[in-house]
Amino acid sequence: MQDKLNVNDMIVIDNLHKYFGHIQAVRGVSLRVRQGEVVVIVGPSGSGKSTVLRCVNHLETPTSGAVFIDGVHLEAKETKINAVRAEVGMVFQQFNLFPHLSVLENVTIAQRRVRKRKPEEAHEIAMQQLTRVGIPEKADAYPRQLSGGQQQRVAIARALAMNPKVMLFDEPTSALDPEMIKEVLDVMLDLAKGGMTMLVVTHEMGFGRAAADRIVFMDNGEIVETGSPDVMFKNPSHDRTKLFLSKILAH
Amino acid sequence: MTGPEIQNQPEAVWRSSFREFPWWLLAIIGFLVVMAILIVTSPKINDAFLFIIPGITLTLYITLAGFGIALVIGLLAGLGRISRNVVIRNIAITYIEFVRGVPTLVLILTLAFVIVPSVADGVGFDKRNVTLELRAILALAIIYGAFLAEVFRAGIESISKGQMEAARSVGMSYRQAMQYIILPQAVRNISPALGNDFIAMLKDSSLASVLAVRELTQRGRLYAGSTFRFPESYLVLTFTYLAMTLALSLLLRWYERRLGKDAR
């Protein structure tokens with residue numbers, strides 16, 4: 001596998017399998033994401049796309065197969081998973097902000113405890129990231145005082161403050177009220193334009209069309225097909241892809 | 001139509017405030033007040049009170065020290081209880097179930113006269129230097145550690161899985177995630193339960209009297225035994241414990257209400 005690695009590959013997933021008990025959620029998925037590339041994974045619920053994403057930072061441990069982040073083999077014994085996770089930002093469907101900490105503390109705590117940055121430095125970086133996602137004025141608020149869209153933007157800032165090499169998004173807009181989806185997608189679009197390597201699971205086809213270099217369609221634990229947004233949306237080759245997209249693009 | 005309703009309203013309000021009024025509190029405070037008056041006015045009860053009350057220092061000392069140690073034991077055992085390590089988890093469960101299966105009084109005797117001395121012997125420590133007070137504290141700490149372990153476990157499990165995942169996803173170790181993210185939230189959630197266990201421990205500290213430790217209950221028994229004034233002794237004891245637990249439980253209710261307001 002090592003010799004197959006390309007220096008430009010930021011994420012390499014090689015023949016990934018994942019079982020939950022007897023249920024096989026992922027069946028032999030292989031995927032490469034180059035540096036600066038934005039890859040969007042789409043597919044019906046239960047297709048294994050979230051599981052693939054969660055295997056990339058080992059929130060789920062693959063049953064078999066390999067994951068490499070910037071050349072580091074995650075399953076290797078000598079790999080320190082905490083160090084790898086610090087380089088991989090993750091944004092969750094349910095935001096998962098720390099409710100007992102202020103917005104600012106949410107964005108500084110990992111910088112302090114994991115990156116060992118000085119308080120002033122962490123504070124400065126946190127304010128930069130909060131400005132980037134458009135809510136520096138909420139620094140002293142608590143998560144429960146924010147709208148869903150604001151919370152999700154704080155979650156993005158929290159991940160970005162670690163200066164990750166890769167950002168993972170697990171259905172970041174699925175728990176949001178419709179009027180808040182745009183503010184989160186706009187932040188993601190900015191990130192994509194800024195050259196961030198992104199792996200995104202989403203149902204927002206608009207984002208896929210606007211930002212994705214490649215769309216990956218998954219069904220039943222496998223990648224059915226991969227292609228540019230143009231090809232995938234206008235002329236997919238598989239019937240399963242056509243069926244799924246016709247349902248989701250109908251409205 | 002509306003006339004009678006309006007007329008009835010004051011009565012309805014009165015009736016509902018009658019129902020909601022904490023009569024129980026009035027009754028308990030009434031008992032405490034009557035006792036306080038008797039302590040001041042009745043020479044016999046006053047004598048009993050003056051003999052017994054110095055024990056309050058030891059009672060509070062045993063409770064505070066025992067509870068402090070129990071918190072540490074409870075936290076460790078609670079974390080062990082949910083550990084993925086089979087050995088650690090089973091050690092924790094064995095401890096918890098062992099303690100839960102034996103009466104508190106029996107456990108205090110066993111811990112004080114069997115386990116603590118043999119452990120002291122085992123580590124080459126002169127068991128005569130382990131005072132009965134210390135044995136009482138250790139025994140209560142070990143017993144309450146098991147109860148608190150389950151409280152801590154429940155508290156940790158009440159925090160959504162997403163919190164641990166978010167903490168790990170930014171690179172925190174399991175320990176860091178527990179320390180900075182999970183436990184602060186869990187402890188806040190279980191603080192009322194911890195308060196209740198503190199009150200329970202204050203009451204159970206009376207069991208230290210079986211080790212002849214001169215806390216409140218032991219002094220009450222000594223006084224009763226030497227003067228044959230049983231009613232006076234035990235009424236004073238009841239009064240003293242009830243005054244302490246009532247104050248604590250009112251404090252706890254106030255704190256819980258404040259906690260509830262904060263969460264909203």
Side-chain angles (χ1 to χ4, degrees), chain A residues 50 53-54 56-61 69 80-101 105-117 122 142-145 151-152 154-170 175, chain B residues 71 74-75 78-79 82-89 148 151-195 252 255-264:
Chain A
S50 281
L53 199 72
R54 292 164 59 84
V56 172
N57 68 351
H58 266 215
L59 284 182
E60 303 289 353
T61 315
I69 303 283
K80 297 217 166 33
I81 191 64
N82 294 332
V84 177
R85 285 196 184 121
E87 309 291 336
V88 181
M90 177 127 181
V91 176
F92 300 86
Q93 183 177 350
Q94 299 297 337
F95 329 137
N96 296 343
L97 291 183
F98 307 133
H100 62 303
L101 300 178
E105 289 164 333
N106 264 276
V107 186
T108 53
I109 187 154
Q111 297 188 63
R112 299 281 315 281
R113 304 297 174 189
V114 179
R115 287 272 192 248
K116 311 286 181 198
R117 287 175 186 154
Y142 279 80
R144 64 173 178 277
Q145 299 165 324
Q151 287 192 47
Q152 192 60 298
V154 172
I156 294 173
R158 174 176 71 182
L160 289 175
M162 297 294 284
N163 306 110
K165 296 172 179 167
V166 180
M167 285 286 284
L168 308 175
F169 292 84
D170 189 5
Chain B
L71 280 174
L75 175 59
L79 287 170
I82 55 172
S83 168
R84 278 205 272 178
N85 183 311
V86 185
V87 178
I88 293 175
R89 191 176 64 241
L148 294 184
V151 174
F152 275 109
R153 180 183 66 89
I156 291 166
E157 286 176 350
S158 75
I159 307 302
S160 85
K161 245 182 83 194
Q163 291 291 307
M164 178 57 88
E165 290 184 349
R168 300 305 301 273
S169 79
V170 286
M172 286 190 201
S173 63
Y174 179 83
R175 219 203 95 140
Q176 286 177 320
M178 271 293 165
Q179 185 179 348
Y180 300 119
I181 306 303
I182 308 297
L183 281 176
Q185 298 182 58
V187 166
R188 192 191 143 97
N189 286 356
I190 62 172
S191 52
L194 294 178
L252 194 62
Y255 169 74
E256 263 179 76
R257 210 172 309 146
R258 218 194 57 175
L259 206 64
K261 266 183 201 150
D262 275 4
R264 252 173 274 145

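Here is how names work: the chains are called A, B, and so on, in the same order as the sequence lines, proteins then strands, and each is numbered from 1.
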* Asked: Which heavy-atom pair separates Leu59(A) from Arg85(A) by the least distance, and what is that distance?
  -> N-NH2, 4.1 Å
* To do: Go through Glu87(A) and Val166(A) one step at a time and tell me if the side-chain contact (heavy atoms from CB on, under 4.5 Å) criterion holds.
  => CA-CA 7 Å; Glu87(A) 309 291 336; Val166(A) 180; over 6 Å; no
* Structure fact -> Pair count under 4.5 Å, heavy atoms only, with chain B: among Arg113(A), Met162(A), Met90(A), highest is Arg113(A)
* Identify which part of Gln176(B) has an atom lying under 4.5 Å from any heavy atom of chain A, answering side chain, backbone, both or neither. => side chain
* **Residue, of Arg54(A), Gln111(A), His100(A), that accumulates the most heavy atom pairs under 4.5 Å with chain B** => His100(A)
* Residue Arg115(A) versus chain B: region with a heavy atom under 4.5 Å -> neither
Solution key, residues 152-159 of chain B side-chain donor-acceptor pairs under 3.5 Å, sequence neighbours excluded:
from	atom 1	to	atom 2	distance (Å)
Arg153(B)	NE	Glu150(B)	OE1	3.0
Arg153(B)	NH1	Glu157(B)	OE1	3.2
Ser158(B)	OG	Gly155(B)	O	2.6
Ser158(B)	OG	Asn189(B)	ND2	3.3

* Heavy-atom donor-acceptor pair, Arg89(B) side chain to Ser83(B) backbone, under 3.5 Å -> yes
* Proximal component of Phe98(A), with respect to chain B [non-hydrogen, under 4.5 Å] -> both
* To do: Could you look at Leu97(A) and say if it's the side chain, the backbone, both or neither that has a heavy atom under 4.5 Å from chain B?
  => backbone
* To do: Report yes or no: do Ser169(B) and Asn57(A) form a side-chain donor-acceptor pair below 3.5 Å?
  => no
